[in-house]
Every structure is written in structure tokens, then in C-alpha cells.
Amino acid sequence: MWKMILRFLKIILIVAVILVITISIILLLLSMQPFVPNNYTQIVKTGGELEAKYLAMGASQVEHMEVSTEEEWGNINVYYPKELTENAKSYPVVVMVNGTGVYSSKYSALFKHLASWGFIVIGNEDPSTCSGSSADTTLAWLLNENENPDSRFYQKVDEEHIGISGHSQGGVGVFNAINEQPHGSLYTCAVSLSPTQLDLAVALRNGMDHGKMLYSADGYVTAWFMWYLKGDTEAAKVFTGDAPELLRNQLYQEQQIDISCIN
């Protein structure tokens, strides 16, 4: 009798171990999956010519650099146009602020897309970005590199044209990076996508959930930065004129535009 019980317990133990191993493998595989699909620029539906234009990849080839830091959140990731190292131009910057647990390495496709339009795009591995502190530290690193003759970013940063974008918790981090952090006054424009704990956390694009707003609206996010950081008058037509495309795009709801305060 006892032998049968022991044999039964051994079987249960073996099954339990197999389940633990299987679940661990599944969680590991899930943790390695990107938060943004690598082909999102091809699969996201667009509702206007300009949205389609700026959702497509830009003209620049992109390179990536990962930098280790002494911060508890680890590395900084930088994506930039390849030609940056081959000319004397300076480039506008976009600082990306992570959503909860969504490290910059989890949405490299988004960084690559924006960099292909001629931006230096920089982020980090901070899983908790609400205060805006890690965004400020990340920007400070790049500004220091801009003054370092040994850096590939030496005199490559257009300090008059720096933007910031964040999603979910990172959307709140955008506000705090601008209003509460030492380098907040350097930002010339911002995008806050579905900021957590605000009414705006609700996705305002039809058929998209909170998480997918990170990349599904990227055509217009890119257009915004192209207009405000690079002076692209074509991109401005998304938001200005007698019939801004954003207001006519049926993929969105509750659209409002108020740019009366923008010079």
C-alpha cells in the first residue's frame, strides 16, 4: 500500500516539476518577445495619405548603440541615422519613456522607425519611469556625449530641437520629465500616449487596446516630430490648415486640435 502511495507521489512530483519547467520556458520566451511587432509599419492600418507616409520607414539607414550605466535600471539604447558619423550636421532628438516593465529593448522597431526619419532616438531599460528621472538621466548622458570629442555624438545633437514621447506609465513620465526634472526646459515638444491613471489612458483609435496605442498611432507621432523638430510643412498638414487630416481620419475618435499656443 505504502509503495503505491509513494509511487503515486513520485508521479505527481515529476508532473509538477515538468509543469514548472514548461511554465518557466513559456515565460522566458514571452519575455524575449518584442512589445512592438517588427513589421508594424507594414501591418498597421492607416486612414489618410499623410498617416501612411509617416508610418512608412524614412530614408535613413539606422545604427544602434547600447551603453552600460551605473544606474540600477541598466543600459541606455540609442538609435540614430547611419550618416550621422559621416557628416557635420546636428540631429534633433527624441527621448522615449517606457511603459511599465516595457524596456526600450522591447520595442526596438519603434526606435528604428523614428531614427530612419533623421532623429537620434534614445531610451533606457527602466521598468518604472513615472517620475521622469531616468528619462532626464538618459538625456543628460547624450548631452554630455555632445560635448565629448571622443564620442560619435560629438556636436551631433541639435539641442534646440529635443522632443520626448512616452506610453502608459511613460506617458505620465513625459509630464514629470518636463515639469519636475532638471532638463525639462530643453524639451520643445512632447507626445503622451495613453498616460496611466488619466482619462486619456483610454485608446482613442478604433479597434486598438491600451498597449497597441504605443505603435498604432506612430504615423501621426512621427508627423508631429517631423513638423515640430524638423520644420516639415507636409507633416504640418496633419494638424493644421482648413482640414487637418487627423480630424478627418475615421480610424480615430474624439479628435481635437488646439495649437493656438504654438509659435
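Heads up: numbering here begins at 1 and tracks the sequence. Note: hydrogens, waters and symmetry copies are ignored here, and every other heavy atom, side chains too, is used.
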* Just grab all the side-chain hydrogen bond (donor to acceptor under 3.5 Å, both in side chains) pairs involving residues 172-185, residues at least two apart or on different chains. => Asp136-His183
* Asked: Given side chains that start at C-beta, do those of Tyr79 and Ser108 come closer than 4.5 Å, heavy atoms only?
  ->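 Side chain of Tyr79 against side chain of Ser108, heavy atoms only: contact under 4.5 Å found.
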* Would you mind reporting whether Trp141 and Val78 have side-chain heavy atoms less than 4.5 Å apart? =>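 They are in side-chain contact.
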* To do: Any pair with a residue in residues 64-90 that passes salt bridge (Lys or Arg N to Asp or Glu O under 4.0 Å), sequence neighbours left out, goes on the list, sorted by first then second residue, please.
  =>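 Every candidate salt bridge (Lys or Arg N to Asp or Glu O under 4.0 Å) pair involving residues 64-90 fails, so no pair, neighbours aside, qualifies.
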* **Within residues 208-236 or reaching into it, pairs that qualify as salt bridge (Lys or Arg N to Asp or Glu O under 4.0 Å) - sequence neighbours excluded** =>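 As it turns out, the salt bridge (Lys or Arg N to Asp or Glu O under 4.0 Å) pairs with a partner in residues 208-236, which skip direct neighbours, are Glu234-Lys237.
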* Would you kindly say whether Ser105 and Glu125 are connected by a side-chain donor-acceptor distance under 3.5 Å? =>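 Yes - a donor-acceptor pair under 3.5 Å links their side chains.
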* **Exercise: do Gln169 and Thr100 side chains pair donor with acceptor under 3.5 Å** => yes
* Checking His64 side chain against Asn77 main chain: does a donor-acceptor pair fall under 3.5 Å? ->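 Side chain of His64 to backbone of Asn77: no pair is present.
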Closest heavy-atom contact between [X] and [Y]?
X	Y	answer
Thr129	Ser134	CG2-OG, 4.0 Å
Trp224	Cys189	NE1-CB, 3.7 Å
Asp242	Pro244	C-CD, 3.7 Å
Ser216	Arg205	O-NH1, 3.3 Å

* Please state whether the rings of His113 and Trp117 are parallel, tilted or perpendicular, taking 30° and 60° as the class boundaries. =>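 Aromatic pair His113/Trp117 classed perpendicular.
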